[in-house]
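Lettering follows sequence order; numbering is per chain, from 1. Only heavy atoms go into these numbers, but all of them, side chains included; no hydrogens, no water, no symmetry mates. Only a predicted model underlies this, so the values are computations on that prediction, with no experimental measurement involved.
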2 protein chains.
Amino acid sequence: MAIHKKEEFTQKEQDLANFAKAMAHPARIAILKVLAQRNACICGEIVDLLPLAQSTVSQHLKELKSAGLITGSIDGPRSCYCINWKAFEKYNSEFNFLFANLKVKNEKACC
Amino acid sequence: MAIHKKEEFTQKEQDLANFAKAMAHPARIAILKVLAQRNACICGEIVDLLPLAQSTVSQHLKELKSAGLITGSIDGPRSCYCINWKAFEKYNSEFNFLFANLKVKNEKACC
DNA sequence: ATCTTATATCGCAAATATACGATAAGATGA
DNA sequence: TCATCTTATCGTATATTTGCGATATAAGAT
């Protein structure tokens, strides 16, 4: 591959792609679900709910965090995670905007 | 890794993750944009518009097609691609549903 | 001070994704 | 038929992701 070409695209395209990448694993979607269902910051209960090792879950959490979709803070001996609604909503509307933009221009399929 | 654990999650989680994965590259987002802007099925004009080799673009098109986001048909010596609005809308609303589901349960950040 | 508990990180192995050149396949035009 | 043009596929190199066990770290309990 030699060089990645990702940075040759627009910032918007890259941002949206990064957001999508963060969502591109069922484990991470399941984590987001759990975080919301519990209506509170959950630490390692996630580990019990998912069919994955603790280190793997921790890694997925790290990815969600670095993508900005969740926030994490240390609470005594355990870690507390929450969905970052702001960022989530931003990407969601950006995604909808792209979709609406596409939709408006072409309605009839041609092939 | 030995075994992939992806199939241990629910079908909905997997579907949404697969959709996200298809969107998880700026080149593929750019392709979708082009397909919509041209308001018609575009074949290899995409190659001229993207900073990628023809074979690479073809591969991205294949992924979008196998994810069901675009359709393709042969038109003489060239190939014609279109956005599959139906599937796109389905995933979009599924995504929104997940988001709304999350949103309704938790509004105040706790960390 | 030491032990326990919870979590993050490191190191590694395997799988997948990304990218390209070369080549094949299919249709059109000379 | 043969050359050409367009697109798909193959083979290959490299990068990234996924997953786990082992280990480190940090706070609380004994």
Looking at every non-hydrogen atom in both residues, tell me the closest pair between [X] and [Y] and how far apart they are.
{"X": "B:K65", "Y": "B:Y81", "result": "CD-CE2, 4.2 Å"}
{"X": "A:P51", "Y": "B:K5", "result": "O-NZ, 3.3 Å"}
{"X": "B:L16", "Y": "B:Y91", "result": "CD1-O, 4.3 Å"}

Given atom [atom1] of [X] and atom [atom2] of [N], what is their separation to the nearest angstrom?
{"X": "B:I31", "N": "C:dT18", "atom1": "CD1", "atom2": "P", "result": "11 Å"}
{"X": "A:H25", "N": "D:dT16", "atom1": "NE2", "atom2": "C1'", "result": "13 Å"}
{"X": "A:N18", "N": "D:dT16", "atom1": "CG", "atom2": "C1'", "result": "13 Å"}
{"X": "B:M23", "N": "C:dT18", "atom1": "CE", "atom2": "C1'", "result": "18 Å"}
{"X": "A:L50", "N": "D:dC20", "atom1": "CG", "atom2": "C1'", "result": "15 Å"}
{"X": "B:D75", "N": "C:dG26", "atom1": "CG", "atom2": "P", "result": "17 Å"}
{"X": "B:K6", "N": "D:dG19", "atom1": "NZ", "atom2": "C1'", "result": "11 Å"}
{"X": "B:L64", "N": "C:dT18", "atom1": "CG", "atom2": "P", "result": "11 Å"}

(request) Can you tell me the pairing partner of C:dT4 across any strand shown, Watson-Crick or G-U wobble, with both distances under 3.5 angstrom? (result)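 When the pairing criteria are applied, D:dA27 turns out to be the nucleotide that pairs with C:dT4.
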Ignoring backbone atoms, test whether [X] places a side-chain nitrogen or oxygen under 4.0 Å from the OP1 or OP2 oxygen of [N].
{"X": "B:K5", "N": "D:dC20", "value": "yes"}
{"X": "A:R78", "N": "C:dA8", "value": "no"}
{"X": "A:H4", "N": "D:dT16", "value": "yes"}
{"X": "A:H60", "N": "D:dG19", "value": "yes"}

(request) With sequence neighbours left out, write down each residue that passes salt bridge (Lys or Arg N to Asp or Glu O under 4.0 Å) with B:E8, or none if nothing qualifies. (result)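 Partners of B:E8 under the salt bridge (Lys or Arg N to Asp or Glu O under 4.0 Å) test: none.
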(message) If we check side-chain contact (heavy atoms from CB on, under 4.5 Å) with A:L61, which of these qualifies: A:V47, A:T56, A:I31?
(response)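 Of the listed options, the one satisfying the test is A:I31.
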(message) With a 4.0 Å cut-off on N to O distance, would you call A:E63 and A:K21 a salt bridge?
(response)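 Looking at A:K21 together with A:E63, the answer is no, because their closest N to O distance does not fall below 4.0 Å.
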Check nucleotides 8-11 of chain D against the protein and report each pair of N or O atoms closer than 3.5 Å, with its distance, or say if there are none.
unit_1	atom_1	unit_2	atom_2	d
D:dA8	OP1	B:S79	OG	3.1
D:dA8	OP1	B:Y81	OH	2.4
D:dA8	OP2	B:S58	OG	3.0
D:dA8	N7	B:Q54	NE2	2.8
D:dA8	N6	B:Q54	OE1	3.0

(message) So B:K21, base contact, sugar-phosphate only, or nothing? Heavy-atom distance under 4.0 Å.
(response)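 B:K21: backbone/sugar contact only, no base atoms under 4.0 Å.
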(request) Could you tell me whether B:I74 contacts a base, only the sugar-phosphate backbone, or nothing, with contacts defined as non-hydrogen atoms closer than 4.0 Å? (result)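 It contacts nothing in the nucleic acid.
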(request) Please assess B:R28 against B:H25 for the test side chain to side chain contact (heavy atoms under 4.5 Å, CB included), listing each intermediate value before the final yes or no. (result) CA-CA 5 Å; B:R28 291 196 287 274; B:H25 196 290; 3.5 Å; yes
(message) Run A:D15 and A:Q11 through side chain to side chain donor-acceptor pair (under 3.5 Å) and show every step you take.
(response) CA-CA 6 Å; A:D15 286 351; A:Q11 194 59 51; 3.1 Å; yes
(message) Test your reading of the model: is there a side-chain donor-acceptor pair from B:E45 to the backbone of B:I42, 3.5 Å cut-off?
(response)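 The answer is no, because no donor-acceptor pair under 3.5 Å joins these two groups.
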(request) Ignoring hydrogens and angles, tell me if any N or O in the side chain of B:N84 forms a donor-acceptor pair with the backbone of B:T71 under 3.5 Å. (result)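 Answer holds: no.
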Close N/O contacts between protein and nucleotides 28-30 of chain C (under 3.5 Å):
none

(request) Take A:E45 and B:E63, find for each the nucleotide of DNA chain C with the closest heavy atom, and name the residue whose nucleotide sits nearer the 5' end. (result)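 Checking each residue's closest nucleotide, the 5'-ward one belongs to A:E45.
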